[in-house]
Amino acid sequence: MEDRMKKTVLSPPIVLLFLAFSLLLLLPEASATKFNVGDSKFWNPNINYTEWAKGKHFYLGDWLYFVYDRNQASVLEVNKTDYETCNSDHPLTNWTRGAGRDVVPLNVTKTYYIISGKGFCFSGMKVAVHVEKLPPPPKAAPVKSGAPTLFSTGHILLTPVVFAVGAAWDAFIHFW
């Protein structure tokens, strides 16, 4: 019983490490985009997938998600010539896994040519997406003299966040 009543005191380095990780959670993160091919129309015949892809930017790490009738369609990556002629005899990669819910990871900078076999390519089930490297983040504007710093009153959000994390940590220590 006495063991439970004792307070646990953590060293300052551990508390600082916890605060640093907590602040890292507030930083924005880059993430991959999942593209539902065909949006709400999915991977079906008689849809213009060239129009669907127009205006979209596909970057390394993104992925294409195909939803279709598993008993009829397929997801095949082919070369440009086979894409143009709807030839599914020699696919580079067969992404069809049998469930009708297939993922194509876009992990190489190139143009992916994807068609459906069994003749469905001739009814429009083909899409080409060009994958690019993620553009570099914008450069920060140069700091002018007299501009607010991280610890000035211009960053009002930082102080409440630090106190909130500290209060949560204190509650956590007292709970255990």
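One-based numbering along the sequence shown. Treat the numbers as computed from the prediction; the structure is a model and nothing was measured.
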Name the atoms and distances for all side-chain donor-acceptor pairs under 3.5 Å in residues 64-72, with sequence neighbours left out.
unit_1, atom_1, unit_2, atom_2, d
Y68, OH, D102, OD2, 2.2
D69, OD1, N71, N, 3.0

Measure the CZ-CG distance between F120 and N46 for me, rounded to the nearest 0.5 Å. 10.0 Å
Rounded to the nearest 0.5 angstrom, the CG-CG distance for L106 and L60 is 8.5 Å
Y59 side chain reached by T33 side chain, heavy atoms, under 4.5 Å: no
Is the side chain of D82 donor-acceptor paired with the backbone N or O of N79 at a distance under 3.5 Å, no angle test? no
Minimal heavy-atom distance between A32 and G61, with the atoms involved, is CB-O, 2.8 Å
Considering all heavy atoms of both residues, which atom of W95 and which atom of T93 are nearest to each other, and what is their separation? CE2-CG2, 3.4 Å
Residues A128 and Y113: closest non-hydrogen pair is CB-CD2, 3.8 Å
If you look at every heavy atom in N94 and R97, which pair is closest and at what distance? O-NH1, 2.8 Å
Taking all heavy atoms of A53 and all of V127, pick out the closest pair and write down the distance. CB-CG2, 4.3 Å
Minimal heavy-atom distance between I114 and W43, with the atoms involved, is O-CH2, 4.1 Å
Qualifying side-chain hydrogen bond (donor to acceptor under 3.5 Å, both in side chains) pairs with a residue from residues 124-135, counting only residues at least two apart or across chains: T111-H130
Under 3.5 Å: donor-acceptor pair, side chain of S74, backbone of T96: no
